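The next block holds one structure in the form of structure tokens; read it before the comments.
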Number of protein chains: 2
Amino acid sequence: MSLRLPRRSSTGRKDATRHALLEAALNVFGEKGYHGAAVDDIVDRAGRSKGAAYFHFPSKAAIFRALVRELANQLVNSIQRKMDDVDSPAERLDAALLGLIDVFVRHRSLARIVLIEVAGAGRAFSDDLIFVRRQFADLIERELDRAVEIGAIPPCDTHLIATAWFGALNEVAVHWLHDPDAGSLHASYPSLRQLLLQSVGFSPAEVDRVPLHA
Amino acid sequence: MSLRLPRRSSTGRKDATRHALLEAALNVFGEKGYHGAAVDDIVDRAGRSKGAAYFHFPSKAAIFRALVRELANQLVNSIQRKMDDVDSPAERLDAALLGLIDVFVRHRSLARIVLIEVAGAGRAFSDDLIFVRRQFADLIERELDRAVEIGAIPPCDTHLIATAWFGALNEVAVHWLHDPDAGSLHASYPSLRQLLLQSVGFSPAEVDRVPLHA
DNA sequence: AGAAACCGACTGACCAGTCGGTTTGGTGAT
DNA sequence: ATCACCAAACCGACTGGTCAGTCGGTTTCT
């Protein structure tokens with residue numbers, strides 16, 4: 001149902017509890033937001049006790065932080081794997097974009113947390129906010145650099161562009177999160193893809209190629 | 001110092017207090033975030049009393065909402081005015097972009113509230129979130145539609161693109177808000193401009209034109 | 001036995017919102 | 001010009017509810 005949060009050893013009671021807590025946190029934070037969620041909510045949903053929560057994590061903030069970091073790593077790895085299945089820069093960027101959209105659609109709570117809650121939880125979390133966003137942006141930046149290197153696109157400020165790309169996807173996703181009926185995320189993909197690829201000067205031939213996965 | 005929040009009549013004691021409260025709210029919410037700010041903080045900063053605050057607004061949420069709406073309207077009007085000074089679509093979009101960047105740089109609290117806090121304040125505010133973002137996106141969308149109409153750019157999904165554009169700017173601004181020393185917002189503008197204009201297929205001649213205001 | 005893991009009632013701090021009381025400014029009667 | 005009066009505007013101590021974090025005690029594993 002939800003992304004596999006890492007379960008360190010397969011049998012330990014300790015890890016099972018930690019995992020249950022994080023999974024509950026994912027849902028509760030996703031539904032009620034960081035401030036709207038009480039530690040008791042998470043604990044109840046996990047079928048554990050407050051004592052257990054504070055045995056594993058020093059604070060509510062630490063639960064949130066751990067969750068965000070693990071979600072981000074998990075997500076980035078999964079996207080990276082999808083990118084490595086193909087070779088041309090345009091296809092790899094495609095894979096990243098589609099992969100992100102896929103995961104968001106399937107795991108709405110995750111999307112809410114990664115895209116909205118981290119930003120809104122407060123300044124105390126701004127390092128985490130930047131950490132997450134950079135993870136994604138770096139993924140894109142590396143690909144753009146590669147595309148520049150092999151001459152698929154002209155040289156440009158790939159760092160800024162990667163940031164802007166993520167922002168564009170983020171904004172579209174935020175609107176979709178607010179009103180899922182307004183239009184599926186997947187439906188926006190072709191326009192978004194065209195917009196982004198064109199923005200860095202991919203050749204029209206590459207841009208026009210119909211994506212395989214749609 | 002701060003944007004002029006509307007002061008309805010020039011002399012009324014009532015309006016002066018309302019204005020003082022909103023101005024204080026702008027700073028306090030901008031610094032501590034919605035949840036981190038106590039009504040007492042706002043009241044203290046405004047040099048007023050809690051009674052006055054609850055005489056003017058029914059709740060803390062209402063203060064926030066009123067502030068967000070007024071900031072958004074103020075901002076959109078100011079941008080619109082700047083756009084109307086020029087004529088060609090590319091220039092008008094330029095003016096919008098630069099205007100937004102200008103205001104954000106000058107009024108960091110405003111930027112934090114409009115770009116981050118509204119999103120993070122919780123689901124209760126998601127209507128306000130969408131309201132604000134749509135205001136900006138509509139501004140851009142109208143211009144894009146105009147550009148399509150006169151044949152400056154090919155037909156495209158202007159609604160989606162406007163959303164994506166705002167997201168791109170938003171993301172760059174969020175990083176800048178987190179670490180202002182990392183690079184000024186104005187410095188990012190040329191790359192961003194090029195990226196966005198190119199993304200919708202403006203002719204290279206239009207894209208390459210060096211902006212007047214830089 | 002001893003330690004690691006877990007339980008859940010309790011506490012203390014915080015804070016949105018209330019309310020009885022006070023000040024201020026306007027209006028009109030004298 | 002003075003005063004009486006009223007309502008709008010304002011004050012700030014207080015209340016009630018919420019919730020993060022604690023801690024003495026229990027269970028489970030080795």
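We name chains A, B, ... by the order of the sequence lines, and we start the count at 1 in each one. Worth saying up front: this structure is predicted, and the values here are computed from it rather than measured.
Using a 4.0 Å cut-off between charged nitrogen and carboxylate oxygen, B/Asp87 and B/Arg92 do not count as a salt-bridge pair. Between A/Glu143 and A/Arg146 there is a salt bridge, with a side-chain nitrogen of the basic residue lying less than 4.0 Å from a carboxylate oxygen of the acidic one. Using a 4.0 Å cut-off between a side-chain N of Lys or Arg and a carboxylate O of Asp or Glu, A/Glu31 and A/Arg45 qualify as a salt bridge.
In this structure, A/Arg112 fails the cation-pi test against A/Phe29, since its NZ or CZ atom is not both closer than 6.0 Å to the six-membered ring centre and inside 45 degrees of the ring normal.
A sub-4.0 Å separation between OP1 or OP2 of C/dC6 and a side-chain N or O of A/Thr17 is present.
Here the C1' atom of nucleotide D/dC10 and the CZ atom of B/Phe57 are 14 Å apart, to the nearest Å. If you take CG of B/Leu21 and P of D/dA9, they are 13 Å apart, rounded to a whole angstrom. Between the CG atom of A/Asp41 and the P atom of C/dG8 there is a distance of 16 Å, rounded to whole Å. Note: CZ (A/Arg48) to P (D/dT28) measures 13 Å, nearest angstrom. With rounding to whole Å, B/Phe64 atom CZ is found 16 Å from C/dA16 atom C1'.
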inquiry  = I need a per-nucleotide contact map over nucleotides 13-25 of chain D, read 5' to 3'. Cutoff is protein heavy atoms under 4.0 Å; write B for the base, S for backbone only, - otherwise.
reply    = -------BBB---

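Atom CD1 of residue A/Ile63 and atom CZ of residue A/Arg18 lie 10.0 Å apart, to the nearest 0.5 angstrom. Residue A/Tyr189 holds its OH atom at 13.0 Å from CG of B/Leu160, rounded to the nearest 0.5 Å.
Looking at A/Ile113 and A/Tyr34, their side chains never come closer than 4.5 Å, going by heavy atoms from C-beta outward.
Remark: B/Phe136 engages B/Phe166 in a ring-ring contact (aromatic ring centres under 6.0 Å, His included) (not counting sequence neighbours).
Listed in residue order, the members of residues 117-127 of chain A having a heavy atom less than 4.0 Å from DNA chain C come to none.
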